[in-house]
Amino acid sequence: MLESLSTARGRIGALLAGMVGGGAAVLLLGAPVFWAIVALALAALLVGGFVTFQEPINRVPEQHPDDPLDILPPLTRLVLDRLPTPAMLLDGAERVLFVNQSMREVLGPGLERKKLGQVLRHPDVLAAVADAIAAGATANVPFTLPVPVERHFQVHVARISLSPPVTALLLHDVTVVRRSEQMRADFVANASHELRTPLAAVSGFIDTLRGHARDDTAAREQFLDIMASETARMRRLIHDLLSLTRIEMNEHVRPEGRIALDGVVRQAVQVLMPLAADDGVSVTVQAPSQLPDVLGDRDELVQLFQNLVHNAIKYGREGGRITVTLGTRDGQVFAAVRDEGEGIEASAIPRLTERFYRVDVKRSRERGGTGLGLAIVKHIISRHQGRLSIESTKGVGSVFTVYLPEAPAQLPPAEAPAGGAARAPAAPVTEML
Amino acid sequence: MSDHTVKSFDEQLEALSTLVAQMGGLAEAQFAAAIEAIARRDSEAAERAVGGDIRIDEMQQAIEDRALKLLALRQPMAVDLRETLAAIKTAAELERIGDLAKNIAKRALVLNREPPIRLTQSLARMGKAAQTQLKQVLDSFSNRDAEEAEAVWNRDGEIDEIYNSLFRELLTYMMEDPRTIGLCTHLLFVAKNIERCGDHCTNIAEVVYHMVKAGHLASTRPKADITSETAYESQA
């Protein structure tokens with residue numbers, strides 16, 4: 001600020017000197033010399049202006065009241081903006097001066113110029129920032145964003161300048177560490193609890209086979225069958241628990257692949273065709289010829305629809321029909337899996353995605369359910385920032401609808417987005433898949 | 001916010017609404033600690049939640065004092081008046097949420113002395129649903145977003161349904177084994193408290209809607225018909 005003031009003063013000085021000199025010259029030498037001196041003064045002014053224009057980065061810019069971000073030189077601002085670490089700068093009144101892109105991804109848009117309390121309410125963070133602004137204390141506090149996907153951060157707070165007063169806030173993402181701790185605990189708890197029943201059954205039958213059923217051929221066959229189905233159940237359970245854990249680990253990382261949903265659904269249905277045929281169930285997929293892509297992880301999406309269609313086969317009517325309808329609604333791509341089963345009680349619906357929740361425990365066991373299928377579905381959808389809607393009518397059937405956000409239109413490099421042109425390049429991708 | 005000739009009036013209004021947001025942050029942290037205490041059998045978190053309630057009460061007092069001063073000295077009109085009123089009302093709802101969280105935490109301390117049961121996980125999940133509601137309604141308050149408030153308001157049925165289902169399940173447990181009655185009663189109250197917390201979120205949603213649009217949500221609400229065709233929109 002001081003520097004730019006002094007250059008301004010210098011420029012005005014040069015102009016004034018030129019004018020005074022010019023006045024004297026008119027008296028002594030006449031008009032032509034006067035104009036020459038005026039030209040010189042203007043040139044000096046221009047050169048001065050040019051030099052300061054050339055070096056905007058080295059200058060401390062003046063703080064315009066209408067743009068508080070002006071305290072940052074453009075290059076610094078760019079660097080900060082692209083930084084993968086979420087960063088925020090605050091003034092002395094806890095007002096947001098600057099946030100970078102990563103921070104916007106965490107806290108949402110429209111943060112600038114708001115008071116910190118309105119964009120990040122956590123009491124520990126607010127206390128740390130108040131301390132930093134008042135006393136220059138550097139702090140490091142944990143901060144958890146519970147929804148939509150739980151994320152854990154360490155927040156570093158430091159006052160980086162007294163005049164102008166600026167305090168910086170950096171978020172360090174520790175979600176992976178916290179998650180793996182929690183997940184290990186959950187896995188052990190779930191696995192030990194759920195495996196206990198089938199294990200007890202198997203070891204019970206082993207004891208019986210060793211004991212009084214040793215020479216009973218009929219009983220032996222029957223027991224071996226039960227033991228085989230119990231071990232199969234344990235295998236499925238471990239498989240589901242492992243995939244749930246894997247999906248949860250990555251839940252806060254947004255998938256980046258461009259996926260055509262109809263291909264994914266067809267692939268999932270294909271795998272389940274033999275199962276459907278066993279129950280005499282028909283599965284049809286209805287998709288429009290042109291469907292926008294979604295951003296997703298292919299394997300996870302295939303698993304998602306396998307679970308939904310598999311459920312429809314398991315709990316639908318024997319010999320019934322299952323239809324998967326795809327389409328778009330409000331900028332989202334949806335896929336609805338409809339069965340003709342007996343329907344689900346309204347009060348059970350919100351709890352369906354709860355792990356190990358079963359509407360009918362006996363039936364689920366009979367059909368080989370692990371109680372994890374819809375929990376897996378929910379976590380996959382959550383990672384894809386989508387939504388699951390479940391509608392059910394007793395005696396008619398159930399519809400499970402998955403909504404996933406459309407992938408942003410792909411732009412050819414170096415071409416501005418322009419209405420219809422933006423949509424065109426997406427087409428070949430759809431055909432490719 | 002419209003420009004006022006008295007600059008400091010805008011600042012006072014903003015300070016008031018920042019204070020409400022901060023109180024919201026306290027209530028959120030308190031409620032999160034209470035749910036954490038249930039989900040992870042974390043008695044330390046429970047004690048934190050029990051102790052934190054005093055700060056919320058103090059905050060409510062501060063907001064009321066400030067709002068009263070504003071009303072008395074500035075006589076705000078139209079949106080300014082509604083904002084001042086919204087601050088008072090929201091603070092009262094948040095104070096109730098703080099109390100409920102404290103009660104949940106106290107019960108968590110008892111539950112954690114007993115052997116773990118699966119149903120606490122269902123409660124924790126219900127708690128997460130309420131946490132989502134609380135966060136979004138507070139966001140809608142800070143962003144002056146009537147649509148978001150309305151979405152929160154419409155989504156409350158979800159928590160009620162989880163409550164109904166848990167209620168039934170707990171009753172079955174108690175009937176099957178009367179020794180569990182003590183434990184299950186605590187769980188039942190925790191579920192009820194979470195459900196009440198969801199109700200307070202819808203109240204705040206109504207306040208936010210009124211603050212932004214000057215109309216009332218309650219009069220436009222389509223009566224939720226209790227058919228079996230209840231849609232459940234999971235906020236995945």
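Reminder, nothing fancy here: chain letters follow the sequence lines and each chain counts from 1.
Counting only heavy atoms from C-beta outward, the side chains of K114(A) and S142(B) never approach each other to under 4.5 Å.
For D65(B), the CG atom sits in a packed shell: over 12 heavy atoms of surrounding residues, nucleotides or ligands are nearer than 6.0 Å. Counting non-hydrogen atoms of neighbouring residues, nucleotides and ligands closer than 6.0 angstrom, the CZ atom of R338(A) reaches no more than 12 such neighbours. Heavy-atom contacts from other residues, nucleotides or ligands closer than 6.0 Å to CZ of R55(B) number 12 or fewer. Within 6.0 Å of the CD atom in E114(B), the count of heavy atoms belonging to other residues, nucleotides or ligands exceeds 12. Atom CD1 of I54(B) is surrounded by 12 or fewer heavy atoms from other residues, nucleotides or ligands within 6.0 Å.
Only the side chain of E169(B) comes within less than 4.5 Å of a heavy atom of chain A; its backbone N, CA, C and O stay farther away. Only the side chain of A29(B) comes within contact range of chain A, with heavy atoms under 4.5 Å apart. When heavy atoms are compared at a cutoff of 4.5 Å, L120(A) does not approach chain B at all. If you measure heavy-atom distances from I35(B) to chain A, you find no contacts under 4.5 Å at all. Neither the backbone nor the side chain of I159(B) comes within contact range of chain A; no heavy atom of the residue lies under 4.5 Å from a heavy atom of that chain. Proximity to chain A (any heavy atom under 4.5 Å) is shown, for D160(B), by neither the backbone nor the side chain.
Remark: L19(B) CG to Q118(A) CD distance equals 10.5 Å, nearest 0.5 Å. Atom NZ of K378(A) and atom CZ of R125(B) lie 5.0 Å apart (nearest 0.5 Å). The distance from the OG1 atom of T144(A) to the CD atom of E28(B) is 11.5 Å, given to the nearest 0.5 Å. In this structure, the separation between CD on Q182(A) and CZ on R40(B) is 4.0 Å, given to the nearest 0.5 Å.
Between chain B and the residues R95(A), H379(A), E150(A), the largest count of heavy-atom pairs under 4.5 Å involves R95(A).
Considering every non-hydrogen atom in both E354(A) and S122(B), the closest pair reads OE2-OG, 2.5 Å.
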Yes or no on side-chain contact (heavy atoms from CB on, under 4.5 Å) for E14(B) and K115(A), after CA distance, side-chain angles and deciding distance? CA-CA 8 Å; E14(B) 194 195 20; K115(A) 289 271 200 172; 3.7 Å; yes
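Under the side-chain contact (heavy atoms from CB on, under 4.5 Å) rule, R121(A) has a single partner from T18(B), L26(B), D139(B), which is D139(B).
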